[in-house]
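Whatever order the structure lists ligands and atoms in, that order sets their numbers, starting from 1. Treat the numbers as computed from the prediction; the structure is a model and nothing was measured.
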Amino acid sequence: MPHTTITYNTEESVIINHTFERLLESLKPKLKGDDEQNLRKAFELAFDAHEFQRRRSGEPYILHPLEVARICHEEIGLGPTAVICAILHDVVEDTPVNLEEIFDIFGAKVTRIVDGLTKLDGLYNLGNENAENLKKVLSSLVYDVRVVLIKMSDRLHNLRTIAPMPQHKQLRIAAETMFIYAPLAHRLGLYQIKTEFEDICMKVTDPDTYQGLVQKVEDNEQEREKYLKKFLAPLEKSLKALDVPYRILARPKSISSIWNKIRNKNVEFEEIYDLFAVRIIIDVPLTFEKPVCWQVYSVITDHYKPIPERLKDWITSPKGNGYESLHTTVIGPGGRYVEVQIRSERMDDIAERGFAAHWKYKGKKGDENVYEKWLDNIRNLLESPNEDAVEFLADFKTNLFKEEVYVFTPKGDMRILPKGATALDFAFDIHSDVGAGATAIKVNNKLVPMGRELQNGDQVSVTTSKNQTPSEDWLKLVITGKARSKIRSSINEKTRELAGLGREALERKLRNLKVGFEENVEILVNYFKLKNRKELYLAIQNEEIKPSELNKKFDIENGNFIPKVAKRKTVHEPRRTPVAPEKIDKDVLIRINDEPTDNYQFELSSCCNPVPGDQIFAFLTSNAGMKIHRMNCTNASNLFTNYGYRILKAEWTKHSGKDFMVELRVTGIDTGPGVIQTLTNEISNNLSINIRSLAIEGEEGIYEGRVKIIVKDKNQLNHVIKALKALDNISTVERISS
Ligand code: MN
């Protein structure tokens, strides 16, 4: 953050004070005891501490924590303590103020939260280790959820004001947001914030597509409103007859969710039938919520035919993140599908504000607290003996972000597992001993393989035996973190035993040979090209390495092993296959980090085949030099997240007239042998573009073709795509990225 020696000017002081007073005003109804006094103290402390700092936009830095505090209160619904912490969230990190001072003024609670926020921040600055980062985020979450909620507000404001940042920073922030914060927001039920995260990130990583869709949604607005009126008209009378206060919302879907649909379902914008969802929100006491929601459902389906598979009853069984709502899709006027969400004001509050709102209603709806359960899951995962950060991440993503599947024990108790969980996961979920001892599992009274994926409503029973022990193969049969970590630790136990025996054997041998153990064990590890001592001990125990043959391989001098030279020469080195991607001319086209590329050797990445006009970045690989990728390459987000430090800025220099290969996927209706001809004719004759290869596969009247063509730049490419789309019998044309 840029520092200056200029303090606030008069006008700025007025704005800052005004901003704070407005925040205080809106908090008024929530204030108790000395809350107001503490808020003022926090403001004064932050005001002075950030005095000489400015944001990249030039405005005084203090406006950032104040805005974060406002988001915490107004958009997430947090109370005075969280607001105080939000105001203070950057002081320890960025200014001379330390935690002791905060402790003296505000006491232990505020100090711990601010400390948590500071640690998260420090990690973010260090950058690259996302797995570790995530672990830290989660630990703070388990300690006090407010830390993460404040962090979400902080991230939200930073994203809303991301424009003045240099592009590579924008991309890195976007990648981290998509990796950690958007899924976390989703899991905490902060749907609105999650949506905004995704929209802003898309705007950063794929601005053209984003703007294009914004335009289309706008163009579509009038038509949408007209349709909505037509849809609602017949309903309103019957809804009024229920004599229950209600309101109707119909918001268009977010840009990023529309884009996800277009990509995942491979459809055009115009083909998306549910660009908006209708939401009917009733206002009734808790005990009437469920019956009234179903009454509303009945009204709607009296007028419109429902699609049975699309009925989702999250009132009877709320989602794992607390979401409650009744969803149905009906066939509206003109045969169009319309999604209708029915819920109470309370459910709507929870759906919009998630976690924070949940506390408000806590205890009202009795039996089990979904969040507590979820936090337990996180604790479990954090405590599991997982050495590998990558595995931790994989576990985390499958276990905590996924949708759930609901299954039952033989006694009829419901268990919630992540979607994709197997019969064996279920066994471990019941108890780690049940999992470890499982010998046979029945689903709905039929014996199934232990790796069978569970479906909603399955009833599962497990037979166990004391003699059973988990093996390495079991890891492939489970997806939950709990099961994986239990299996791993029981395998580890076994290998530890074996390694112990191997070590003893080696020690004995070295003692006989009068060779020092500590001094020589690493020599052996290196000689046999093993990863660590443990592998050496295991190899000895498995008789892959025989201690009795060590003196054939080594000379012994002064109690140390010296590898026999002759032997070493005959050791067969596996030959490396040379990496040979398509090289392109060196005098090209790209500036990296604002320097001409004579200074760098680079290649265009073959996963996304960039052409001039594409937004690009350079990535320094560990063994194949510099690669140029497209910003919207499917690998980009992974690279930015995990190897941000290897990313360099890259841009095309002036036009060069060189050739670039791109690959297109074309799908369409198979009209027989004419397809290939139509394509080649259009591309090479009408457009005069070179085709490098063309492959077509057809099935049931649909074909999919892959065409590699040579173009000069993105304009020419777009021209080709447009021309192909205009052909008869062609449904989609898209550029392939890995
Ligand atoms: Mn901040």
Side-chain angles (χ1 to χ4, degrees), residues 1-4 8 12 15-16 19-20 23 39 42-76 78 81-99 101-102 106 110-127 130 133-134 136-137 140-141 144-166 169-170 172-177 179-182 184-185 190 193 196-197 200-201 204 644:
M1 146 193 1
H3 289 244
T4 65
Y8 312 120
E12 284 168 351
I15 292 173
I16 295 165
T19 308
F20 174 71
L23 172 67
L39 279 157
F43 171 59
E44 277 157 27
L45 184 69
F47 184 91
D48 291 339
H50 293 301
E51 186 179 12
F52 296 114
Q53 293 169 340
R54 287 183 182 256
R55 305 194 83 207
R56 204 171 267 274
S57 62
E59 63 175 16
Y61 193 81
I62 179 71
L63 290 170
H64 163 66
L66 286 178
E67 177 61 12
V68 173
R70 189 198 64 74
I71 294 173
C72 280
H73 167 51
E74 286 176 15
E75 298 184 33
I76 302 191
L78 297 174
T81 308
V83 171
I84 289 171
C85 298
I87 294 174
L88 297 172
H89 84 269
D90 276 333
V91 284
V92 175
E93 180 69 22
D94 300 329
T95 79
V97 177
N98 60 34
L99 281 173
E101 286 170 67
I102 290 183
F106 303 99
V110 168
T111 310
R112 282 188 69 178
I113 296 177
V114 172
D115 188 29
L117 286 161
T118 309
K119 288 197 178 115
L120 286 186
D121 241 26
L123 275 156
Y124 170 63
N125 289 337
L126 285 177
N130 257 285
N133 236 347
L134 185 60
K136 279 278 152 76
V137 173
S140 67
L141 177 94
D144 189 323
V145 175
R146 282 175 293 192
V147 176
V148 166
L149 294 175
I150 297 167
K151 190 67 198 165
M152 293 276 182
S153 311
D154 184 28
R155 179 52 56 106
L156 190 57
H157 185 235
N158 285 334
L159 284 169
R160 283 176 181 169
T161 53
I162 202 172
M165 287 284 205
K169 274 205 181 149
Q170 290 193 17
R172 197 190 292 188
I173 292 172
E176 195 193 48
T177 304
F179 195 74
I180 299 179
Y181 291 98
L184 204 49
L190 303 164
I193 289 180
E196 195 173 343
F197 279 163
I200 297 175
C201 291
V204 167

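Salt-bridge annotation for Asp115 and Arg112: absent, with no side-chain N of the basic residue lying under 4.0 Å from a carboxylate O of the acidic one. Using a 4.0 Å cut-off between a side-chain N of Lys or Arg and a carboxylate O of Asp or Glu, Arg55 and Glu67 do not qualify as a salt bridge.
The closest approach of Asp154 to the Mn ion (ligand 1), by N/O/S atoms, is made by OD1. Of all N, O or S atoms in Asp90, the one lying closest to the Mn ion (ligand 1) is OD2.
Relative ring orientation between His64 and His157 is described as parallel, the plane-to-plane angle staying below 30° on a 0-90° scale split at 30° and 60°.
Contact annotation: His89 places an N, O or S atom under 2.8 Å from the Mn ion (ligand 1).
Side-chain atoms of His89 and Asp154 include a donor-acceptor pair closer than 3.5 Å.
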